[in-house]
There are 2 protein chains.
Amino acid sequence: MPKVGMEPVRRKALVDAALHVIGDQGTLSVTMSDIARQAGVSAALAHHYFGSKEQLLVETVRSLLKQLRDDTVTELRAAATPRDRLSAIVRVSFQADQFAPETIAAWLAFYSEAQRSEETRRFLVIYARRLHSNLVANLKQLCVADDAQRIAEGTAAMIDGLYIRRALGSSPVTAEASIALTDDYITLNLNACQTQKDAA
Amino acid sequence: MPKVGMEPVRRKALVDAALHVIGDQGTLSVTMSDIARQAGVSAALAHHYFGSKEQLLVETVRSLLKQLRDDTVTELRAAATPRDRLSAIVRVSFQADQFAPETIAAWLAFYSEAQRSEETRRFLVIYARRLHSNLVANLKQLCVADDAQRIAEGTAAMIDGLYIRRALGSSPVTAEASIALTDDYITLNLNACQTQKDAA
DNA sequence: TATTTTTGATTGATCCATCAATCAATAAAA
DNA sequence: TTTTATTGATTGATGGATCAATCAAAAATA
C-alpha cells in the first residue's frame, strides 16, 4: 500500500480530521489518536508529519482562516458597489460551512486556546484585523472616516456575537436572520450618517 | 486550626480560586491541584467538598452567573424609565469586574465547555435568556413586539461580540466605547421604529 | 471539672487511566 | 539497496480520584 508522495495527502487529511474532531468534541483537548483515527491513520504518523500536536493545531487554525479568506475573496469579486461589498462580507461570515455547528465549535475552541498559544492568538488577530479593514475600506466610501471606524467595530462585534450565540444553540438564529440583523445594522448607521450630512 | 463550620468558607474559597485560575490560564484544563493551591488547601479537600472536578466547575459558572444577576438587579433598581433600564442592562455587562480580562477568559472557557457539559450549557442558556427577556420587556414599552424581539437579539449579540473581541485583546475596545456602541445601536433602532410609526 | 467519645477538617500517599511522544521494525516503491 | 510510508509497542509524565490516617474541636459522660 505505501505509495510515494503521500505527505501532502496525509497532511491535508489530518488537518481536516482535526477540524472535524475538534468541532465535534468542542475542545482542543482531543487526542492525537482521535484525530488520527478520523483520518484513518495511526497516531504515530500524525506525529511523523507534524512533529507535535501543537503544530498540527496551528496548521488547523491556519486552514480555517484560509478557507474564510478564500470565500471572502470570491464573494467580493462578484460585488460591484461598496454597499454590495459590505453585504458580501457579512454574507460570507454566515455561509453554510462557516456557520455549521462544528465549525463554530472549533472557532470557539481556538478563541479559548488563544489565551495560551501566542501563535493561535496571532492568527485570530489577523482574522479580526482583516475583517475590520475590509469593512472600513468600503464604509469609508459611504461615510466619513470616523463613522467608518465605529460602524466597522459594531458590525464585527455583531458578527462575532451572533456566532457565539449560535454556538450555545439557544436562540434560534438562522443564517438568514443573522445576515438580516447585521445588514440592517449597517443600513441603519449609513442612513444616520446621511441624515447628519443633509442637515449640515 | 481545624475549626468546625469550615465548609461554607472552603467552598467559597475554592470556587473563587477556580475562577481565578481558570481566568488566568484561560482554560478549564486547570488541575484540581492548581485550584486547591490557589485556595490554600489540598486537592483532596476540594474533592471532599465537591465530589468531582466537574461539580466544582459547575458551581463556578453558577457563581459567575449569580454575580452578574446581582449586579443587574442593583442597577435596574436605580433606573426609572424603560430607556434608562435598557442602558443599565448594557452598562452592567461592561462593568469593571465583568470586563476584566480574567473574567472574560473564564466566560470564554465555559462557553467552550458548554459543548460538552449539559449542565454548563443549561446555565449559559439561562444567562442568554435572561438577558434577552430583560431587554424585550423594556423594549416592548418603546416599540412594537416584533421590533422588540429583533432589537433584543441584535443587542445581545453585540454585547457578546464585544466581549469576545476584547478577549483577543486586539482591538482597543474600552468599556466606555463598548457601552457607547451598544447604546447607540439601541437608540438608532428605536428612532427608526419611531419614524416608522410617525409615517403611518 | 476532668475524661472519654464522636465528628468534622484535612492531608500524604497511592492507584489507575490517559496521552503525547519516541522508537524499532516492516513493507512497498525506486 | 536505499528511501519513503507506516505502524505497534513502549515510555514517561500527568492528573483525577480514593483512602487510610491525623488532628483538633465539641459533646457527652463521669
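Note on naming: letters A, B, ... go to the chains in the order of the sequence lines (proteins, then strands), and numbering restarts at 1 for each one. Here the structure is a predicted model, which is why all the values come from computation and not from measurement.
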Legend entry - Phosphate OP1/OP2 of D/dT6 contacted by A/R10 side-chain N/O (<4.0 Å): yes
Inset, instruction - Can you tell me the distance, in whole Å, between the CG atom of B/L45 and the P atom of D/dA17? - result: 15 Å
Legend entry - Listed partners of B/F99 passing ring pair (Phe, Tyr, Trp, His ring centres under 6.0 Å), at least two apart: B/F94, B/Y163
Legend entry - ILVMFWY clustering at 4.5 Å (side-chain atoms), partners of A/V136: none
Legend entry - Salt bridge present between B/R150 and B/E153 (N-O < 4.0 angstrom): no
Inset, instruction - Quick one: name the residues clustered hydrophobically with A/L188, using the 4.5 Å side-chain heavy-atom rule over I, L, V, M, F, W, Y, and just say none if it's on its own. - result: B/L188
Inset, instruction - Within residues 46-61 of chain B, find the residues that approach DNA chain D with a heavy atom at under 4.0 Å, and present them sorted by residue number. - result: B/H47, B/S52, B/K53
Inset, instruction - Within residues 108-117 of chain B, find the residues that approach DNA chain C with a heavy atom at under 4.0 Å, and present them sorted by residue number. - result: none
Inset, instruction - Please list, chain by chain and in numerical order, all residues satisfying ring pair (Phe, Tyr, Trp, His ring centres under 6.0 Å) with A/Y111, sequence neighbours excluded. - result: none
Inset, instruction - Answer yes when A/R91 and A/D84 have at least one side-chain N-carboxylate O distance shorter than 4.0 Å, and no when they do not. - result: no
Inset, instruction - Can you sort out the partners of B/S117 under side chain to side chain donor-acceptor pair (under 3.5 Å), two or more places apart, ordered by chain and number? - result: B/T120
Please report, to 0.1 Å, the donor-acceptor pairs under 3.5 Å made by any side chain of residues 21-29 of chain B, with sequence neighbours excluded.
from: B/T27; atom 1: OG1; to: B/S29; atom 2: N; distance (Å): 3.0
from: B/T27; atom 1: OG1; to: B/S29; atom 2: OG; distance (Å): 2.9

Inset, instruction - Grab the two heavy atoms, one from B/S93 and one from B/Q98, that are nearest each other, plus how far apart they are. - result: O-CB, 3.5 Å
Legend entry - Electrostatic pair A/R11-A/E7, nearest N-O below 4.0 angstrom: yes
Inset, instruction - May I ask you to list the residues of residues 24-33 of chain A, by number, that have any heavy atom positioned under 4.0 Å from an atom of DNA chain C? - result: A/V30, A/T31, A/M32
Legend entry - Listed partners of A/F110 passing ring pair (Phe, Tyr, Trp, His ring centres under 6.0 Å), at least two apart: none
Inset, instruction - Taking atom NE2 of A/H47 as the centre, report whether more than 12 heavy atoms of other residues, nucleotides or ligands fall under 6.0 Å from it. - result: yes
Could you give the side-chain donor-acceptor pairs of residues 60-67 of chain B under 3.5 Å, partners two or more places apart or in another chain?
from: B/T60; atom 1: OG1; to: B/L56; atom 2: O; distance (Å): 2.7
from: B/R62; atom 1: NE; to: B/E59; atom 2: OE1; distance (Å): 3.4
from: B/R62; atom 1: NH2; to: B/E59; atom 2: OE2; distance (Å): 3.4
from: B/S63; atom 1: OG; to: B/T60; atom 2: O; distance (Å): 3.3
from: B/K66; atom 1: NZ; to: B/D70; atom 2: OD2; distance (Å): 3.0
from: B/Q67; atom 1: NE2; to: B/D97; atom 2: OD2; distance (Å): 3.1

Legend entry - Between C1' of C/dG8 and CZ of B/R11, the distance in whole Å: 14 Å
Legend entry - Protein-to-nucleotide contact annotation, 5' to 3' order, nucleotides 8-13 of chain D [B base; S sugar-phosphate only; - none; under 4.0 Å, heavy atom]: B-----
